[in-house]
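Below is one structure; the comments refer to it alone.
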Amino acid sequence: MVQIQSEKDRFWVAGEEKDLAEITFKHQQDSGILVIEHTRVSEELRGQGTGEELVKAVVDKARNEGLKIVPVCSYAAHQFKKHPEYQDVLSSE
């Protein structure tokens, strides 16, 4: 399992010289929506569930803060289809 770090508009996995994975999102303050824009996982972490963990981190953030998510990123959108338990934070917009 990797150590996921966070800051304002992203979660990431740090490597020694560069980030190994990240998910970026924008918080639309006026509507209470997080828009997941991009997910990237390096070759060395692919196939280990890191991308799924990053999406889950955003889902957990949305649940904790009472927000909804619009998964613009195709990977995140796929994870929302794969995980019906995420429907509670999926925006209808």
Side-chain angles (χ1 to χ4, degrees):
M1 183 142 174
V2 295
Q3 177 68 35
I4 296 176
Q5 300 180 41
S6 67
E7 61 186 12
K8 185 176 181 253
D9 292 331
R10 76 179 186 133
F11 290 99
W12 79 97
V13 176
E16 289 186 26
E17 296 180 20
K18 63 180 179 172
D19 294 343
L20 298 176
E22 80 173 339
I23 188 166
T24 59
F25 52 90
K26 293 291 183 205
H27 184 178
Q28 297 178 346
Q29 302 285 341
D30 57 332
S31 61
I33 290 177
L34 295 176
V35 178
I36 299 177
E37 298 177 324
H38 177 72
T39 305
R40 179 190 61 79
V41 177
S42 67
E43 286 293 326
E44 61 191 279
L45 291 182
R46 287 218 176 120
Q48 299 177 34
T50 304
E52 285 189 54
E53 288 296 318
L54 290 170
V55 173
K56 184 179 182 314
V58 180
V59 168
D60 290 344
K61 176 181 177 64
R63 286 181 177 147
N64 291 335
E65 298 179 17
L67 304 171
K68 295 291 185 179
I69 295 174
V70 175
V72 173
C73 162
S74 60
Y75 180 81
H78 173 74
Q79 290 301 310
F80 271 80
K81 289 178 185 169
K82 183 177 173 182
H83 294 277
E85 67 271 21
Y86 293 171
Q87 298 304 302
D88 63 313
V89 295
L90 182 63
S91 174
S92 59
E93 292 186 20

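One finds the NZ atom of Lys61 at 5.0 Å from the CZ atom of Phe25 (value rounded to the nearest 0.5 Å). Remark: Gln79 CD to Ser74 OG distance equals 10.5 Å, nearest 0.5 Å. In this structure, the separation between CG on Leu34 and CD1 on Ile69 is 5.5 Å, given to the nearest 0.5 Å. Between atom OG1 of residue Thr50 and atom CG of residue Leu45 there is a gap of 4.5 Å, rounded to the nearest 0.5 Å.
By the criterion of side-chain heavy atoms lying less than 4.5 angstrom apart, applied directly or through intervening Ile, Leu, Val, Met, Phe, Trp or Tyr residues, Val58 is not grouped with Ile33; the two fall into different hydrophobic clusters. Connection of Val89 to Ile36 is established within a shared hydrophobic cluster, with ILVMFWY side chains joined at heavy-atom distances below 4.5 Å, either directly or through further cluster members. No continuous path of hydrophobic side-chain contacts links Tyr75 to Val35 [ILVMFWY only; heavy atoms under 4.5 Å]. A single hydrophobic cluster is not seen to contain both Leu54 and Val70; linkage of ILVMFWY side chains at heavy-atom distances under 4.5 Å, directly or through other members, places them apart.
For the pair Cys73 and Thr39, the tightest heavy-atom approach, listed with the atom from each and the gap, is SG-OG1, 3.4 Å. Across every non-hydrogen atom of Gly15 and Leu20, the tightest pair is CA-CG, 3.7 Å.
Residues satisfying the ring-ring contact (aromatic ring centres under 6.0 Å, His included) test with His38, not counting sequence neighbours, are none. For Lys68, there are no salt bridge (Lys or Arg N to Asp or Glu O under 4.0 Å) partners, not counting sequence neighbours. Taking Tyr86 as the reference, Phe80, His83 meet the ring-ring contact (aromatic ring centres under 6.0 Å, His included) condition, with sequence neighbours excluded. Under the side chain to side chain donor-acceptor pair (under 3.5 Å) criterion, Gln87 pairs with no residue at all, not counting sequence neighbours. Residues passing the side chain to side chain donor-acceptor pair (under 3.5 Å) test with Asp9: none are found, sequence neighbours excluded. Every residue meeting the side chain to side chain donor-acceptor pair (under 3.5 Å) condition with Ser31, not counting sequence neighbours, appears here in chain and number order: Gln28. Contacts of Gln5 classified as side chain to side chain donor-acceptor pair (under 3.5 Å), with partners at least two apart in sequence or in another chain: none.
Residues in residues 31-49 take part in these salt bridge (charged side-chain N to carboxylate O under 4.0 Å, His left out) pairs, two or more places apart or across chains: Glu43-Arg46. Within the structure, the salt bridge (charged side-chain N to carboxylate O under 4.0 Å, His left out) test picks out the following pairs touching residues 73-84 (sequence neighbours left out): Glu52-Lys82. Residue pairs satisfying the salt bridge (charged side-chain N to carboxylate O under 4.0 Å, His left out) criterion with at least one member in residues 11-21, sequence neighbours excluded, are listed as follows: Arg10-Asp19.
Contact of the Asp88 side chain with the Arg63 side chain is registered, since non-hydrogen atoms from C-beta on lie closer than 4.5 Å.
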Q.
side chain to side chain contact (heavy atoms under 4.5 Å, CB included) for Val13 and Gln3? Distances and angles first, verdict last.
A. CA-CA 6 Å; Val13 176; Gln3 177 68 35; over 6 Å; no
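The hydrophobic cluster of Trp12 has no other members, since no ILVMFWY side-chain heavy atom comes under 4.5 Å of it.
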